[in-house]
Colleague: 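Just passing along the structure, written as structure tokens.
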Number of protein chains: 2
Amino acid sequence: MSSTEFTKRLLTYRLSLLHLQEIGLNDVYSHLIAGETGFSAALIRKDFSRINVKGKRRGGYEIDVILQAINNYFGDDKVSKVILVGMGNIGSAIARYKDFQNQKLRIVAAFDIDPAKQRKKFSIPVYSMGKCQEIIYCYEIEAGIIAVPAFSAQTVCDRLVYCGIKGILNFAPVNLKVPEEVYVSNVSLSNELRHVIYHAKQNK
Amino acid sequence: MSSTEFTKRLLTYRLSLLHLQEIGLNDVYSHLIAGETGFSAALIRKDFSRINVKGKRRGGYEIDVILQAINNYFGDDKVSKVILVGMGNIGSAIARYKDFQNQKLRIVAAFDIDPAKQRKKFSIPVYSMGKCQEIIYCYEIEAGIIAVPAFSAQTVCDRLVYCGIKGILNFAPVNLKVPEEVYVSNVSLSNELRHVIYHAKQNK
DNA sequence: TTTATATTGTGAATATTGTCACAATAAATT
DNA sequence: AATTTATTGTGACAATATTCACAATATAAA
Ligand SMILES: NC(=O)c1ccc[n+]([C@@H]2O[C@H](COP(=O)([O-])OP(=O)(O)OC[C@H]3O[C@@H](n4cnc5c(N)ncnc54)[C@H](O)[C@@H]3O)[C@@H](O)[C@H]2O)c1
Ligand SMILES: NC(=O)c1ccc[n+]([C@@H]2O[C@H](COP(=O)([O-])OP(=O)(O)OC[C@H]3O[C@@H](n4cnc5c(N)ncnc54)[C@H](O)[C@@H]3O)[C@@H](O)[C@H]2O)c1
């Protein structure tokens with residue numbers, strides 16, 4: 001299995017490359033990307049070699065070619081469909097997030113137990129949990145975002161897993177228990193902040 | 001410098017330990033935490049040893065002792081103060097987030113260029129960027145959260161760095177450029193989702 | 001008390017990840 | 001055309017992280 005550091009780097013490269021492309025560049029040298037991203041030039045070349053990106057000796061790499069290879073690696077030439085559970089503070093903010101469209105990510109539907117929230121919002125329909133299974137099957141949903149309070153996160157998670165979801169992005173401050181074949185990524189703002197503060201202190 | 005994987009694991013342990021404590025446990029074995037978090041028992045023991053947590057042979061570890069050591073590692077016995085720039089969708093959601101209080105994290109002030117947003121919101125005062133330097137100094141702010149659109153993220157970042165901020169939690173989809181002594185952690189929902197979808201596909 | 005059992009703590013072995021150094025090579029310059 | 005220069009691509013090496021294996025040891029059971 002490929003390391004998560006490697007896949008994260010690819011996504012970091014993509015961000016920088018899109019930026020460089022926007023300001024008019026067509027080609028890049030590994031050292032330039034190193035300057036942009038903070039990774040070493042040698043590591044970047046190794047990574048590119050791993051996804052079969054060839055440069056021209058002394059000529060650098062074509063941005064288009066790299067971006068294509070990264071997209072290909074993630075298999076995101078077609079739109080990936082996801083659902084969102086919990087339309088509270090953070091759920092609504094995510095539902096309103098426009099960048100997903102550029103990224104070929106689409107939130108097809110949202111769910112909430114609160115009937116007051118069960119109506120279309122920001123162009124995304126909000127259903128009761130009852131509709132969950134049907135929608136996951138019909139739309140071939142690839143992942144679920146959990147944005148419910150901590151105490152109901154595991155229940156929601158079990159439900160999604162039961163409906164066949166294999167990837168979960170979890171905002172609740174809980175270590176979810178899932179079968180081996182399900183991948184969970186936790187986004188914990190508190191932990192991230194702690195982490196930042198810890199490093200900031202080192203650098204004082 | 002300690003690896004970021006190590007510090008992340010500590011925060012993961014904490015989450016599980018708090019949960020186990022809540023359901024009534026006082027002691028844990030490394031294997032139990034392994035089951036909760038997915039890390040191997042040996043690794044957990046090594047990590048504990050690294051932060052000077054001693055268990056009792058055959059008796060396991062005391063949850064209190066571990067939690068104390070983790071808190072101590074992060075130096076969060078006192079409240080850490082942070083600021084938030086950008087009170088749009090995501091910024092407001094963060095400002096409303098109550099969990100920070102339990103975690104001894106406090107958002108002391110927020111900033112926004114939009115005058116309409118410059119009033120107290122959810123008990124956090126919202127200022128114009130002009131007040132930024134003063135507040136960072138007066139309150140001894142330890143980190144900044146950036147939640148502004150991508151095109152102004154670097155500008156805001158430069159400003160914070162100029163005011164002495166050494167740690168940044170960045171939500172904008174941009175690889176920020178900072179001096180070496182500043183630590184940046186990027187939270188990219190699109191990237192996280194991509195990552196989840198990638199792994200989900202592997203497990204189909 | 002003796003024996004069996006379960007768990008920690010850690011050195012050694014292994015695996016993984018990243019860096020270094022440089023040959024290969026294409027482009028630019030003279 | 002010959003020479004210089006800059007960059008890729010990669011094998012060898014170094015560093016780091018993780019697992020393995022088991023001695024040390026405390027508790028429980030007989
Ligand atoms: N607000 C933030 O900035 C923030 C940041 C990080 C993490 N989080 C975490 O994200 C989660 C949501 O936070 P929030 O501030 O949006 O909370 P919130 O209370 O505003 O929203 C939670 C939503 O989930 C719904 N819900 C509750 N139980 C449900 C269930 N069983 N099935 C479906 N829907 C259910 C509620 O009706 C509500 O709309 C929490 O776990 C929180 O800790 C929030
Ligand atoms: N909404 C999401 O779920 C989400 C998720 C991930 C990342 N993001 C990123 O977070 C950032 C904010 O997203 P959002 O949806 O909250 O956007 P938004 O447009 O709702 O909010 C941005 C806020 O920043 C303020 N602002 C703009 N320029 C500023 C400046 N120079 N100084 C101070 N304040 C300034 C604006 O007045 C506005 O209030 C974006 O970069 C976005 O890509 C958003």
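These numbers were taken from a predicted model, which means no experiment stands behind them. All values below were derived from every heavy atom in this structure, side-chain atoms included, with hydrogens, water molecules and symmetry-related copies excluded. Each chain gets a letter, A, B and so on, in the order the sequences are listed, and its residues count up from 1.
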Colleague: Atom CD1 of B/Ile33 to atom P of C/dT7: distance rounded to whole Å?
Modeller: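 Between P of C/dT7 and CD1 of B/Ile33: 13 Å.
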
Colleague: Rounded to whole Å, how long is the line connecting atom CZ of A/Arg50 with atom P of C/dT16?
Modeller: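 It is 11 Å, rounded to the nearest whole Å.
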
Colleague: Looking at B/Gln103, is its backbone amide N or carbonyl O close enough to the side chain of A/Arg194 to form a donor-acceptor pair, meaning the two atoms are under 3.5 Å apart?
Modeller: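 Yes; at least one donor-acceptor contact below 3.5 Å.
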
Colleague: Quick check: on DNA chain C, is the nucleotide nearest B/Ala42 upstream (toward 5') of the one nearest A/Lys46, or the reverse? Name the residue that is more 5'.
Modeller: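 Closest to the 5' end, via its nearest nucleotide, is B/Ala42.
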
Colleague: Is it true that a side-chain atom of B/Ser49 and a backbone atom of B/Arg45 form a donor plus acceptor pair closer than 3.5 Å?
Modeller: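 Not confirmed, B/Ser49 side chain does not pair with B/Arg45 backbone.
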
Colleague: Given C/dG9, is OP1 or OP2 found less than 4.0 Å from the side-chain N or O atoms of B/Ser49?
Modeller: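 Answer is no, no contact under 4.0 Å.
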
Colleague: Do any of residues 15-31 of chain B sit with a heavy atom less than 4.0 Å from DNA chain C, and if so which?
Modeller: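 By residue number: B/Tyr29, B/Ser30.
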
Colleague: Near DNA chain D, under 4.0 Å by heavy atom, which residues of residues 51-60 of chain B?
Modeller: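 Here the set is B/Arg57, B/Arg58.
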
Colleague: Between D/dG11 atom C1' and A/Leu43 atom CG, what is the distance in whole Å?
Modeller: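 After rounding, the reported distance stands at 16 Å.
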
Colleague: Between B/Glu62 (CD) and C/dT7 (P), how many Å, whole number?
Modeller: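 The distance from CD of B/Glu62 to P of C/dT7 comes to 16 Å, rounded to the nearest Å.
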
Colleague: With heavy atoms under 4.0 Å as the rule, sort B/Phe6 into base, sugar-phosphate or nothing.
Modeller: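 Counting heavy atoms under 4.0 Å across all strands, no contact is made by B/Phe6.
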
Colleague: If the plane angle is over 60° it's perpendicular, under 30° parallel, otherwise tilted; pick one for B/Tyr183 and A/His195.
Modeller: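 Aromatic pair B/Tyr183/A/His195 classed perpendicular.
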
Colleague: Just wondering, more than 12 heavy atoms not from A/Glu181 lying within 6.0 Å of its CD?
Modeller: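 It does: A/Glu181 CD has more than 12 such atoms within range.
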
Colleague: Could you state the CZ-C1' distance from A/Arg9 to C/dT19, rounded to the nearest angstrom?
Modeller: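 That distance rounds to 12 Å.
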
Colleague: Between A/Ser40 and C/dT19, is there a contact of a side-chain N or O with OP1 or OP2 at under 4.0 Å?
Modeller: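 Yes, within the criterion.
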
Colleague: Could you give the side-chain donor-acceptor pairs of residues 167-174 of chain A under 3.5 Å, partners two or more places apart or in another chain?
Modeller:
| unit_1 | atom_1 | unit_2 | atom_2 | d |
| --- | --- | --- | --- | --- |
| A/Asn170 | OD1 | A/Ala172 | N | 3.0 |
| A/Asn170 | ND2 | A/Ala172 | O | 3.0 |
| A/Asn170 | ND2 | A/Val174 | O | 3.2 |
| A/Asn170 | ND2 | A/Asn186 | OD1 | 2.8 |

Colleague: Let me know, please, whether A/Arg45 or A/Glu5 comes out on the 5' side of the other along DNA chain C by nearest nucleotide.
Modeller: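 Nearer the 5' end of the strand: A/Glu5.
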
Colleague: Whole angstroms only, please: what is the CZ-C1' distance between B/Phe39 and D/dA17?
Modeller: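 The distance from CZ of B/Phe39 to C1' of D/dA17 comes to 13 Å, rounded to the nearest Å.
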
Colleague: List, one per line, each side-chain donor-acceptor pair under 3.5 Å for residues 125-138 of chain A, sequence neighbours excluded.
Modeller:
| unit_1 | atom_1 | unit_2 | atom_2 | d |
| --- | --- | --- | --- | --- |
| A/Ser128 | OG | A/Gly130 | N | 3.4 |

Colleague: side-chain hydrogen bond (donor to acceptor under 3.5 Å, both in side chains) with B/Asp112: which residues, sequence neighbours excluded?
Modeller: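 None.
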
Colleague: Considering only residues two or more places apart or on different chains, which pairs with a residue in residues 24-44 of chain A satisfy salt bridge (Lys or Arg N to Asp or Glu O under 4.0 Å)?
Modeller: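 Counting only pairs at least two positions apart or across chains, the salt bridge (Lys or Arg N to Asp or Glu O under 4.0 Å) contacts touching residues 24-44 of chain A are A/Glu36-B/Lys177.
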
Colleague: Counting C-beta onward and ignoring hydrogens, is there a side-chain heavy-atom pair between A/Val28 and A/Leu20 closer than 4.5 Å?
Modeller: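 A/Val28 reaches A/Leu20 side chain to side chain.
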
